[in-house]
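Accompanying notes for the structure given below.
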Amino acid sequence: IDKGNFGLKSVIGSFAISFVVISATYLSFYLAKGRSRNIRYVLILLLLLESILNNSSKFYNNSKINPKVIFKPNKLIKTLQSEVKPMERVNLLATSYNYTTDYLDLEQTAGYISLASIYGVRINEAITRPGSDPANLMDLIGVRYLVQKGEEIVPGSEKIQSFYQNPKLPDFYKFDYRTFAWRPETSNATYSIYKRPSALARLFLASSVSNAIQDESVLNKILENSDSKRIFLDVKDVRDNQVSGLGNLEILEYKRNYIKAEADVTNTEYLANSTAFYPGWFVRVNGKWRLPTQTNWFMMGTYLTKGSNTVEFIYFPFGMMIGTTYGLVILTFFLRRKTKIISNWNNDISYGDADEIMFPRKK
């Protein structure tokens, strides 16, 4: 659907592959009516097709080194795991660990929603764009820790620790795009952890609200802006009154799919949440449910009225809910169908015939 990001050729290719797989699957069941052996042949061909597609998609991750060695937590990662607190993000783009998003239990910029999501790709491109200062964008999404190659001073950050490559037992690896394989970093490779005190909390009260089309062009406005708490909404979501960002905000509970906070404000304010905007998120303010407002293209938020507000951001995984419902419907259908077949079978034969069929006498 999103041709602008992936190209028409990729979209057509994806549809073509899906069409071939679905058509061949249908054909295999159609052929099974005549000879059951045919379905095996067609399904084996489908498995071969799937294996070819999977192997070709993994080509650029080819390696003669066991991935377990490359991606196991080294001293740098273990230090981060002990330092990073819930809701704080880490920028690991300079390391091999930007290929991972979950098992390290670190919320990365590379894993904004999921690995290689369009949000994450565009944010990472903006952060690493030559000639631009990404500090404001990293503050906005809550990047508290930054890992850089080398020991250069990062303005506005505090160096936590540096780690050096061990030539005999390498800790750091890089991908070689000439050989399409991983290899150990050079013996003089150094990586340093920096702490960024200016990173915003996961929830914050916006200092001002401006209108902007909710697409990736907002990233340029954020990079050019000096106030990280200024947020951009679609024109239809901007209210006449001006927010000030003043008030007391306390985050009471945090999970990956649930955030609860108390906010006491003296005016109508806008509560911004740097968790990614995605279908399935809901907001409950003082017990009243509403949908979150898309914010800064990749974030979400909601307006708060004057006074004390209890705010909950709650995520319901639509995919799992739809899949579970589908599975229950199919299971119910087959159970009812099986019950009907057994009922008809019992009506067609006598109990004596049934005993003979189920427990035949030995001759």
Side-chain angles (χ1 to χ4, degrees), residues 5-7 10 13 50-84 88-132 134 137-138 141 143-154 157 159-196:
N5 292 320
F6 301 104
S10 297
E50 288 288 342
S51 65
I52 292 169
L53 293 172
N54 280 318
N55 280 296
S56 62
S57 68
K58 304 298 185 293
F59 174 74
Y60 290 103
N61 286 333
N62 177 42
S63 177
K64 296 179 181 179
I65 304 172
N66 189 336
K68 182 179 179 181
V69 176
I70 300 171
F71 297 113
K72 71 178 180 181
N74 58 18
K75 292 179 181 179
L76 181 147
I77 295 297
K78 290 178 181 177
T79 301
L80 284 171
Q81 289 172 333
S82 64
E83 287 274 345
V84 177
E88 295 178 340
R89 285 198 174 92
V90 183
N91 184 344
L92 288 173
L93 294 176
T95 73
S96 62
Y97 295 97
N98 66 56
Y99 286 86
T100 65
T101 59
D102 191 58
Y103 80 100
L104 297 176
D105 200 26
L106 295 171
E107 292 191 62
Q108 299 185 44
T109 57
Y112 204 84
I113 289 190
S114 64
L115 187 63
S117 73
I118 194 63
Y119 286 155
V121 168
R122 296 296 178 256
I123 288 172
N124 294 332
E125 288 175 351
I127 288 175
T128 57
R129 186 183 302 167
S132 63
L137 178 56
M138 287 198 290
I141 60 179
V143 177
R144 181 70 66 184
Y145 292 89
L146 170 66
V147 176
Q148 289 278 64
K149 189 175 181 179
E151 297 185 86
E152 295 181 7
I153 297 174
V154 178
S157 299
K159 181 191 272 190
I160 301 298
Q161 191 175 348
S162 294
F163 299 86
Y164 306 94
Q165 177 77 305
N166 184 340
K168 295 183 179 179
L169 294 172
D171 275 332
F172 302 104
Y173 295 83
K174 68 179 297 183
F175 191 74
D176 190 335
Y177 286 94
R178 293 173 301 176
T179 61
F180 298 113
W182 290 94
R183 62 176 176 82
E185 279 276 23
T186 56
S187 58
N188 61 346
T190 305
Y191 287 84
S192 303
I193 300 175
Y194 298 87
K195 187 174 183 178
R196 306 182 66 259

Once side-chain hydrogen bond (donor to acceptor under 3.5 Å, both in side chains) is applied, do any residues pair with Lys149, and if so which ones, sequence neighbours excluded? Glu185
Can you list the residues that meet the ring pair (Phe, Tyr, Trp, His ring centres under 6.0 Å) rule with Tyr119, with sequence neighbours excluded? Trp297
For Thr109, give me all partners under side-chain hydrogen bond (donor to acceptor under 3.5 Å, both in side chains), at least two apart in sequence or on another chain. Asn124
Report yes or no: does Asn74 contribute a side-chain atom to a donor-acceptor pair with the main-chain N or O of Asp171 at less than 3.5 Å? yes
Residues which pass ring pair (Phe, Tyr, Trp, His ring centres under 6.0 Å) with Tyr97, listed by chain and number, not counting sequence neighbours: none
Could you pull out all residues at least two apart from Phe172 that satisfy ring pair (Phe, Tyr, Trp, His ring centres under 6.0 Å)? Tyr191
Nearest-0.5 Å distance, CG of residue Leu93 to CD1 of residue Ile123: 10.5 Å
Interatomic spacing from CZ in Phe71 to OG1 in Thr95 - rounded to 0.5 Å: 9.5 Å
Any chance you could measure Ile160, atom CD1, to Lys195, atom NZ, to the nearest 0.5 Å? 6.0 Å
Any residue meeting side-chain contact (heavy atoms from CB on, under 4.5 Å) with Pro184, in chain and number order, not counting sequence neighbours: Ile65, Gln165, Pro170, Tyr173
Tell me the closest heavy-atom pair linking Trp182 and Ser96, and the distance in Å. CZ3-CB, 3.6 Å
Using side-chain hydrogen bond (donor to acceptor under 3.5 Å, both in side chains) as the criterion, list what pairs up with Asp105, not counting sequence neighbours. none
For the student: nearest non-hydrogen atoms of Gln108 and Asn98, plus distance: OE1-CA, 3.7 Å
Partner set under side-chain hydrogen bond (donor to acceptor under 3.5 Å, both in side chains) for Ser132, not counting sequence neighbours: none
Enumerate the salt bridge (Lys or Arg N to Asp or Glu O under 4.0 Å) contacts for residues 88-97, please, sequence neighbours excluded, ordered by first and then second residue. Glu88-Arg144
Just verifying a value: how many Å separate Thr79 OG1 and Tyr145 OH, rounded to the nearest 0.5 Å? 11.0 Å
If you measure from CG on Leu92 to CG on Leu76, what distance do you get to the nearest 0.5 Å? 7.5 Å
Checking Gln148 now: which residues fulfil side-chain contact (heavy atoms from CB on, under 4.5 Å) with it, not counting sequence neighbours? Leu146, Val154, Tyr194
Minimum heavy-atom separation for Leu137 and Ala126, please, with both atom names. CD2-CB, 3.8 Å
Taking side-chain contact (heavy atoms from CB on, under 4.5 Å) as the test, write out the residues that go with Gln81, two or more places apart. Ile77, Lys78, Leu104, Leu106
For Glu151, all residues meeting side-chain contact (heavy atoms from CB on, under 4.5 Å), sequence neighbours excluded: Lys159, Ser162, Tyr164, Thr190, Ser192
